[in-house]
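Please read all numbers here as calculations on a predicted model, not as lab measurements. In listed order, ligands and their atoms are each counted from 1.
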Amino acid sequence: MTFDFAPLFPAGLPAPAVKWTGAPRYNFTGGNNNADQVPVEGLIAAADAVLRREGRTLATYGLASGPQGYRPLRQFLAAKLKHDAGISCSFDEILIVSGSLQALDLVNGALLARGDTVITEEDTYQGALTRLARLGVNAVGIPLDRDGMRMDALAARLANLQRHDIRPKYIYTIPTVQNPTGTIMPEQRRIELLKLSEEYGVPIFEDDCYADLTWEGLRPPALYAMSKTGGVIHIGSFSKSIAPALRVGYVVAGWQILSRLLALKTDGGSGALEQMVLAEFCEAHFIEHLPKLRRSLRGRLEVLMETLNEQFGTAAEFDAPKGGIFLWVKLPNAVDTLKLFQSALAAGVAINPGPEWSTDGDGRKNRMRLCFANPSQEEIRSGVTTLAQVCRTAFGVPSRIANVD
Ligand SMILES: Cc1ncc(COP(=O)(O)O)c(C=O)c1O
């Protein structure tokens with residue numbers, strides 16, 4: 001008889017994970033990146049150099065850099081954030097974490113209790129929403145337009161919550177290449193957001209993990225850089241600029257917050273090899289690596305939009321994202337993407353159904369998010385063609401495919 005652990009599980013555990021059965025043939029899900037653009041040779045050279053020079057520091061937890069992470073990586077980040085995002089911070093205001101997902105957990109751990117309220121964009125990162133749901137925290141979604149979170153709607157919502165004596169714990173935003181909408185919040189709107197945050201005493205939680213992937217390589221200053229009060233926590237990641245499997249992200253915050261996050265980060269430090277290799281690679285090559293990555297992603301996006309237009313015609317509506325790796329697609333109301341997800345998967349095509357990426361779950365039944373970074377241009381063409389066939393069989397949409405009845 002095999003031992004049964006089930007009676008030992010405490011109440012409130014998340015539902016068990018589903019066993020991985022292999023990658024789908026056409027994978028438009030998740031935040032995966034372009035395999036051809038992982039700078040493999042550069043990483044090999046960096047690993048060789050840094051290990052020969054400093055490998056012995058692996059003998060101590062936290063290398064010789066302390067619990068906030070490998071110091072040269074934090075120094076690289078401080079210089080990069082100054083240059084790209086206008087953030088003036090010392091390496092001491094940076095905490096290296098195991099992917100920005102860990103940053104979400106740490107910030108939530110420091111600020112949230114069951115029953116709290118937070119503000120998010122109405123369409124937002126599923127990983128943020130599932131965490132909030134698990135913590136019993138109420139996520140209030142603010143509608144977006146082509147410039148990101150709408151400030152008129154935020155102002156009205158904050159005023160309404162205040163009338164009910166509710167002070168949200170934070171405003172979570174992805175202002176620079178929003179997930180899933182691909183919008184960039186302009187500087188003027190950032191000023192308005194900071195003003196509302198100060199007026200209502202609600203800090204901003206700025207998730208900037210796609211900020212390196214704007215098509216032109218330019219971006220507005222980070223909210224963290226623009227704040228005059230220090231009421232912003234900024235997080236970022238190397239997942240989208242180098243590779244997600246490395247699991248290296250970071251938090252920029254004042255010591256009052258960092259000291260709390262550090263106390264909650266009980267894993268003995270994030271993986272040291274990744275940090276060392278990244279620091280060594282990025283110092284010399286990050287700047288030349290990015291334009292190639294952006295070009296390749298934009299090329300794949302063009303193919304995706306072209307194929308959607310060809311296969312779905314007017315049935316697929318979307319705004320071209322201003323960077324990043326996702327296209328947020330609206331289909332006719334007849335389509336339920338939770339069901340489309342199942343039939344498409346059976347045909348080898350994986351998509352992200354809209355309801356999982358919104359505080360307005362039901363209202364996004366006819367939306368889907370497509371990640372275009374990982375499939376090749378050929379796979380994008382074939383995958384979308386198959387998706388259109390599946391969608392037509394299941395929902396009669398599109399009524400014509402590639403102009404053929
Ligand atoms: C908005 C956002 N934040 C955070 C993450 C987590 O990224 P990672 O933990 O790989 O840094 C993702 C991943 O897709 C994301 O889209």
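Set against the non-hydrogen atoms of Tyr210, the atoms of ligand 1 under 4.0 Å away are 1 (C), 13 (C), 14 (O), 15 (C), 16 (O). Taking a cut-off of under 4.0 Å to the non-hydrogen atoms of Ile174, the atoms of ligand 1 that pass are 1 (C). Set against the non-hydrogen atoms of Gly99, the atoms of ligand 1 under 4.0 Å away are 9 (O), 11 (O). Residue-ligand proximity, Arg247 to ligand 1, at heavy-atom distances under 4.0 Å covers atoms 8 (P), 9 (O), 10 (O).
Using cut-offs of 30° and 60° for the angle between ring planes, the Phe326 and Trp357 rings count as tilted.
For Phe3 and Phe5, the ring centers sit closer than 6.0 Å to each other.
Residue contacts with ligand 1: Cys209 is included, with a non-hydrogen atom under 4.0 Å away. Taking 4.0 Å as the cut-off, Gln102 does not count as a neighbour of ligand 1 on heavy-atom distance.
Within the 4.0 Å heavy-atom criterion, neither part of Phe238 lies near ligand 1. Counting heavy atoms closer than 4.0 Å to ligand 1, residue Pro244 contributes nothing at all. Contact annotation: for Asn179 versus ligand 1, heavy atoms closer than 4.0 Å belong to the side chain alone.
Other residues, nucleotides and ligands place more than 12 heavy atoms under 6.0 Å from the CZ atom of Arg53. The number of heavy atoms from other shown groups lying within 6.0 Å of NZ (Lys80) is above 12. Residue Arg260 qualifies as open at atom CZ: its count of foreign heavy atoms under 6.0 Å is 12 or below. Heavy atoms from other residues, nucleotides or ligands lying under 6.0 Å from CD1 of Ile287 number 12 at most.
The minimum heavy-atom distance linking Ala139 with Leu129 is given by the pair CB-CD2, 4.2 Å.
When Glu274, Glu54, Gln75 are each tested for a side-chain hydrogen bond (donor to acceptor under 3.5 Å, both in side chains) with Tyr70, only one passes: Glu54.
If you check which protein heavy atom lies closest to atom 1 (C) of ligand 1, you get Asp207 OD2, 3.3 Å. For atom 7 (O) of ligand 1, the nearest non-hydrogen atom of the protein is Ser100 OG, 3.2 Å. Scanning the protein for heavy atoms near atom 10 (O) of ligand 1, the closest one is Ser239 OG, 2.5 Å.
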Start with the C-alpha gap between Asp208 and Arg219, add the side-chain angles, then the distance that decides, and say whether salt bridge (charged side-chain N to carboxylate O under 4.0 Å, His left out) holds.
CA-CA 11 Å; Asp208 233 15; Arg219 48 151 310 157; 2.8 Å; yes
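Around atom 14 (O) of ligand 1, the closest heavy atom drawn from Gln126, Gln178, Lys240 belongs to Lys240.
Checked by distance only, ligand 1 and Ser237 come closer than 3.5 Å through their nitrogen or oxygen atoms.
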